[in-house]
Amino acid sequence: MQFDRVNPYGATSPEAIAEFEARRGVLLPAEYKAFLLKSNGGRPTPDVFEVPGWHGRSNELDFFYGIHEAEKVDRLDWACDVYDERIPGDLIPIANDANGNAICIGWKGKRAGKIYFWDHEDELDGHGGFRQDYRNVFLVADSLQEFLDGLMTSEELDQRPRAKRRY
């Protein structure tokens with residue numbers, strides 16, 4: 001896996017990451033912090049990932065968020081604001097797809113460090129509000145590195161058998 005541009009908005013720092021954690025009241029997994037220090041956002045190639053048990057089977061990753069002061073929609077803080085009260089509280093959106101779905105990392109408890117796909121098409125509670133449960137959340141990898149290593153092209157995906165849902 002490669003990125004079209006590493007640090008597209010400049011490098012972040014351990015201090016900037018610590019400030020983010022303090023603002024949000026979270027402790028990011030060490031593997032994700034190292035990822036931010038190395039790439040701080042960007043578009044990966046290849047970019048297709050499988051979502052076990054999801055009706056769409058797979059999706060294309062659009063962009064990883066970073067910690068910077070440039071493009072608002074590419075900032076981790078912005079993503080957290082957008083998805084606040086929509087995504088379960090033990091997940092943080094770290095990337096998006098082109099359809100408004102989020103790729104999240106668990107930051108505490110049994111989900112810490114795991115990567116999840118959050119489907120926005122199934123986020124409403126039936127009464128016009130949002131629900132923060134796991135009916136629209138799908139485990140895609142047990143770690144960030146496993147997720148990155150699993151990115152593939154559409155052609156590679158077509159050659160794989162369909163995966164079953166993971167919880």
Side-chain angles (χ1 to χ4, degrees), residues 1-51 56 58-109 111-121 123 130 132 136-157:
M1 188 239 7
Q2 298 178 329
F3 279 84
D4 63 346
R5 274 182 26 216
V6 175
N7 295 316
Y9 297 112
T12 193
S13 67
E15 296 79 19
I17 293 171
E19 289 171 13
F20 171 85
E21 291 174 314
R23 275 193 311 277
R24 295 286 168 186
V26 301
L27 182 60
L28 298 175
E31 181 183 37
Y32 180 55
K33 290 183 206 184
F35 173 80
L36 285 169
L37 290 169
K38 182 178 177 184
S39 68
N40 200 26
R43 286 185 172 83
T45 303
D47 59 0
V48 173
F49 60 98
E50 192 164 16
V51 183
S58 68
N59 213 335
E60 290 182 30
L61 193 143
D62 186 35
F63 199 87
F64 278 99
Y65 303 114
I67 297 176
H68 52 76
E69 295 301 319
E71 293 288 327
K72 178 174 79 171
V73 297
D74 295 337
R75 292 185 207 158
L76 188 56
D77 267 322
W78 176 85
C80 288
D81 288 343
V82 167
Y83 294 109
D84 188 37
E85 298 185 18
R86 295 170 65 191
I87 289 177
D90 57 355
L91 303 178
I92 292 176
I94 62 170
N96 66 356
D97 72 7
N99 300 309
N101 302 306
I103 295 83
C104 303
I105 193 165
W107 68 273
K108 70 176 182 176
R111 291 185 176 83
K114 296 181 180 181
I115 304 299
Y116 295 86
F117 176 77
W118 176 84
D119 179 2
H120 81 93
E121 297 291 339
E123 71 176 308
F130 298 116
Q132 283 185 292
N136 61 331
V137 176
F138 301 83
L139 177 65
V140 293
D142 288 325
S143 70
L144 180 59
Q145 192 60 54
E146 180 184 312
F147 177 73
L148 296 172
D149 289 346
L151 292 174
M152 63 190 106
T153 65
S154 296
E155 294 79 20
E156 291 169 324
L157 177 71

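One-based numbering along the sequence shown.
Among residues two or more places apart in sequence or in another chain, the ring-ring contact (aromatic ring centres under 6.0 Å, His included) test is passed with Tyr65 by none. Every side-chain hydrogen bond (donor to acceptor under 3.5 Å, both in side chains) that Ser13 has, sequence neighbours left out, goes to Glu15. Residues passing the side chain to side chain contact (heavy atoms under 4.5 Å, CB included) test with Ala11, sequence neighbours excluded: Asn7. For Ala102, the side chain to side chain contact (heavy atoms under 4.5 Å, CB included) test picks out Tyr83, Ile87, Pro93, Cys104, Trp118, with sequence neighbours left out. Remark: Asp84 pairs with no residue by the salt bridge (charged side-chain N to carboxylate O under 4.0 Å, His left out) rule, at least two apart or across chains.
A donor-acceptor contact shorter than 3.5 Å is absent between the side chain of His120 and the backbone of Arg86. In this structure a side-chain-to-backbone donor-acceptor pair under 3.5 Å is present from Asn40 to Gly10. At distances below 3.5 Å, not a single donor-acceptor pair connects side-chain atoms of Asp47 with backbone N or O atoms of Leu151.
Smallest separation of non-hydrogen atoms from Leu61 and Phe49: N-CE2, 3.7 Å. Counting all heavy atoms, side chain and backbone alike, Leu139 lies closest to Lys114 at CD1-CB, 3.9 Å. Nearest heavy-atom pair across Trp78 and Lys72 is CB-O, 3.1 Å.
Between the CD atom in Glu156 and the CD atom in Glu50 there is a gap of 12.0 Å [rounded to 0.5 Å]. We find the CG-CD1 distance between Leu91 and Ile115 to be 9.5 Å, quoted to the nearest 0.5 Å. If you take CD1 on Ile103 and CG on Asn96, they are separated by 6.5 Å, rounding to the nearest 0.5 Å. The line from CG of Asp119 to CZ of Phe138 is 6.0 Å long, rounded to the nearest 0.5 Å. If you take OG1 on Thr12 and CG on Leu36, they are separated by 6.5 Å, rounding to the nearest 0.5 Å.
Ring geometry for Phe147 versus Phe64: interplanar angle over 60°, hence perpendicular rather than tilted (30 to 60°).
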Side chain to side chain contact (heavy atoms under 4.5 Å, CB included) between Ile92 and Leu76, worked out
CA-CA 9 Å; Ile92 292 176; Leu76 188 56; 4.1 Å; yes
Between Arg43 and Asp62, is a side chain to side chain contact (heavy atoms under 4.5 Å, CB included) present by the stated rule, with each step listed?
CA-CA 6 Å; Arg43 286 185 172 83; Asp62 186 35; 3.5 Å; yes
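Contacts classified as salt bridge (Lys or Arg N to Asp or Glu O under 4.0 Å) and involving residues 88-98 (residues at least two apart or in different chains) are given here: Asp90-Arg111.
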For residues 16-34, which side-chain donor-acceptor pairs fall under 3.5 Å, sequence neighbours excluded?
from	atom 1	to	atom 2	distance (Å)
Glu21	OE2	Leu28	N	2.8
Glu21	OE2	Lys33	NZ	3.1
Arg23	NE	Asp77	OD2	3.3
Arg23	NH2	Asp77	OD2	2.4
Arg24	NE	Asp77	OD1	3.3
Arg24	NH1	Asp81	OD1	3.1
Arg24	NH2	Asp77	O	2.9
Arg24	NH2	Asp77	OD1	3.4
Arg24	NH2	Asp81	OD1	2.6
Glu31	OE1	Leu144	N	3.0
Glu31	OE2	Gln145	N	2.9

